[in-house]
Amino acid sequence: METKTEITKACIDCKEEFTIDSGDLGLYEKVGFKIPNKCFDCRMQQYFIFSIFGKFRKGKSDLSGESLITVLPNKLRFPIYKSHEWWSDDWDPLEFGQDYDSSRSFFDQLKELQEKVPRPHQIGQNNTNCDWCDDVWNCKNCYLSRSMEECENLNYGYRCIKIKDSFDVVYSFKLQSSYDCLECYDSFNIYFSQNSRDCIDSYFLFDCRNCQNCIMSWNLRNKKYCIRNKQYSPEDYEAELKNMKLDLYENLTALKKEFENILKNKAVHRENQNLRCTNSAGNYMTDCDKCVNVFAWEFSQNCRNCLRGLRSKDCIDMGFSWNLELSGNNGVVDGGYALKHSACSIGKYSEYIDMCKDVEYCFGCVSLRKKKYCILNKQYSKEGYEKLKTQIISDMEKRGEYGEFFPYSFGTGPYNQSNGILYFPKATKDKVLKMGGYWSEENLSSDDGVSSLDLPDSIYDTKPEIATQALICPETNYRFNISPAEYSFHKHKGFALPRLHFDERIMKKMRKMANIRTSPCKCFYCQKDIMAYYPPEWGYQKIACEECYKQNIA
Ligand SMILES: [Zn+2]
Ligand SMILES: [Zn+2]
């Protein structure tokens, strides 16, 4: 049994009281850092200052002048190199090395360094033909997509793993030839679907498993030829599918509306969306053990207070991070062991490193690769490193800096163009600026194009030349195009063309998964009081406790 101790503190950012329980205390001790001064929300919100969801734009490398495509904003505090240049030996990050000045704040000195050292224009590695992508790893031929690994021919994807030949796929693993899906897994030819697994040739599914040829259905298991949860013969099913005429935008809009109403009134929602998790608490976790207060997280053990990531063990306080062990207080970190207070890095036994790759025993460095015993991008001997590190930590402790994450002023772009704003929509301009962060006032809307609402209703009444027409999204007023690949996919599948800008399409779906707060409600079956991750304003009528869901659905 764990001893029942917990600490209550007032958050230094929002002033709200928060509690650190015995499980947290144990893991802070194991990872080796002091307990935080900020509440969970304020900690997480800060980790996302490095996670930019900007509009894709063209720019130039500060090294070669080569053209590039980036999500980083126009006005940058630091130079950017084209990714392959950044990873090359054509430049030496140690040339930017600084001596440490004990009389000044370490964060101030590190920020000066951060503003001198180049960063890559794109996050990710080992990609082929993925220029219009960001946070992209081991992918091929992807377009206008972000945060994905091992994907091929994916367009307008977000947070995807192993997706092939698909469009508009958000937070999904192992899909093929699919369109407009959110949180779907191991499926083929599925469209307009949510929270479904192991399905084939289906449309508008919610929480279905192992279904084939189903339309507008919810909570089904092992079914074929169902429409609106009713059994059809294969012939009648085909006739109904033809009748739906998905090539017409008007029909598609009506069906999407019907689907949303089903989510509200007919579908049963489990109190959380965790799958194959043990001894865990949080939401949207898959294959996790002993993970507490963890969200959107996979294949991990013994993690606490984490948001958006995967493949980690014994980690605490992390956002947007993966492949870590015995680490914590990290944001947008790509891997490591005993890595603390760091961002955008892969490293071991290091602290306060930003955009460093494969480093060990580094402290307060930016954009280093394969280095050891460096401080402020300056090389030291092992002994020199240890001595100076001890002195800096002691100076930082006196200034109240040590153990804090990088201040908001280290952010790589405006907060309103970060992934953070998705999870923390209450991060207002005033609040972010007060914290020293950045906010964009840039007007991204355009009227140089035709309204997408003026497109012909049926895709069959359009020609491939439509791909050269600039369109204006009616909701964001952003300008966008239908890409040639998108056009032929839609025509082949017989789906009406989308009317919204691709980023808005992604965001609309992601907002359904971004809620990290529980709301009190009653189990639809047993009337037990439960806490579930569905805010009352979503209007979900049938929320089930774990036991009742298991008995009635799964
Ligand atoms: Zn707070
Ligand atoms: Zn119940």
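All ligand and atom numbering here is 1-based and tracks the order in the structure.
The backbone N or O of Glu504 lies less than 3.5 Å from no partner atom in the side chain of Glu475, so there is not a single donor-acceptor pair.
Checked against a 6.0 Å centroid threshold, the rings of Phe192 and Phe259 do not count as neighbours.
Cation-pi check for Arg146 over Phe53 is met; the charged atom lies under 6.0 angstrom from the ring centroid and within 45 degrees of its normal.
The Zn ion (ligand 1) lies at the vertex of an angle of 110° between the SG atom of Cys11 and the SG atom of Cys42 (rounded to 10°). One finds an angle of 120° at the Zn ion (ligand 2) between SG on Cys526 and SG on Cys545, to the nearest 10 degrees. In this structure, SG of Cys39 and SG of Cys14 enclose an angle of 110° at the Zn ion (ligand 1), rounded to 10°.
Sparse packing is recorded around NZ of Lys429, with 12 or fewer heavy atoms of other residues, nucleotides or ligands lying under 6.0 Å away.
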